[in-house]
Amino acid sequence: MKLSFEPHTLYFIHPFRIAHGVRSSTPVVITRIGCEGITGYGEASMPPYLGESHESVMAFLKKTAAYLETLSTPGDISTILETIDAMAPGNTAAKASIDIALHDLYGKLEGKPCWKMFGAEKEQTPFTTFTLGIDEPVMLKQKIAEAEAFRVLKVKLNGIDDRQMIDTIRSVTDKPIAVDVNQGWKTKEQALEMIGWLQEKNVLFVEQAMPKDDIDAANWLYERSPLPLYADESVQRLSDIAKLKDCYHGINIKLMKCTGLHEANEMIKLARTLKLKVLIGCMSETSCAVSAAAQLTPFADHADLDGPLLIKNDLFKGIGFIKGKITLNELPGIGVVPNGLAKGAV
Ligand code: MG
């Protein structure tokens, strides 16, 4: 049966609260690949630092349409994805949207959830962190109260208000914290001093402490840090991992960086071989891309998949969270159904 590549939809997702430094809305592109009346859904989210836009995603999808429509199913998904990857460099979110839609479609055609197709155990999912952005103490305390159901908090630091942020959190809760610096510390000495201070504050790990291309500083810090260090911006694809093994204790894998589930699964396997820990994260995304990423979380040490919890117009119903633990469902594919909000859009 031939595949059909249906029109792509641009949609804007809106955060519940527009915090300091957060965009008021995020464009996402919803992709559909059909076969025998069954539709597989995919999603591209385009954070500015990866260099993709709505226009570039649409242009790339247009380029792939002719190829996808020559295919019959069931075909070899890895060969299809390799062919698409070779069509142009970059475009990782656009590629991820095709990868997600194909996995969703294949799962539906086989009547199996993707986690089962990957050989995962549904019960082995980790707890997701709940993200607290940089904010004033009063607002921060309010957000912590709202995050009551979540066991692990994720805190974004910027190298300026860091101690105040952590002290404010610690004045109201002793929950474990994952810290994301987003390349915000300027020198390795400043980073080491802060990590030493954070070690006393029940912090689990520190993500992207140094600028992404400063391998020497990352290695220096790795040799000395009392807390585990995770790479986010420093690692995008499978080929980035090996060179980072003496710079980080773990990696943050995101579908939008690595072109989707197929490569993410390969990255997890390589990370395990190199004794690196695995965190699975997301961008500003709906339950479509996040439920896709969640299919692999039984293989991960940590997850940061709170994307759908931070937006008020989610387009899909997908994975759930029970006291913060990711709960996969038995639906075939990536486990999503379009919700009422999405009628007419997806
Ligand atoms: Mg990060």
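First listed ligand is number 1; within each ligand, the first listed atom is number 1. The model shown is predicted, which means the values in this text are computed figures rather than measured ones.
Taking the six-membered ring for Trp, F118 and H103 have ring centres closer than 6.0 Å.
Judged by distance alone, the side chains of E69 and S4 never bring a donor and an acceptor atom under 3.5 Å apart.
T128 meets the side-chain hydrogen bond (donor to acceptor under 3.5 Å, both in side chains) test with no other residue; sequence neighbours excluded.
Within the sub-2.8 Å shell of the Mg ion (ligand 1), the protein contributes these N/O/S atoms: D180 OD2, E207 OE2, D232 OD2.
The list of side chain to side chain donor-acceptor pair (under 3.5 Å) pairs with a residue in residues 217-234, not counting sequence neighbours, reads Q208-S234, D232-K254, D232-K257, S234-Y248.
The side-chain heavy atoms of N91 and V57, taken from C-beta on, include no pair separated by under 4.5 Å.
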Could you pull out every donor-acceptor pair under 3.5 Å between side chains of residues 271-283 and any protein atom, sequence neighbours left out?
{"residue": "R272", "atom": "NH1", "partner": "L276", "partner atom": "O", "Å": "3.4"}
{"residue": "R272", "atom": "NH1", "partner": "D301", "partner atom": "OD2", "Å": "3.0"}
{"residue": "R272", "atom": "NH2", "partner": "F299", "partner atom": "O", "Å": "2.8"}
{"residue": "R272", "atom": "NH2", "partner": "D301", "partner atom": "OD2", "Å": "3.0"}
{"residue": "T273", "atom": "OG1", "partner": "K269", "partner atom": "O", "Å": "2.9"}

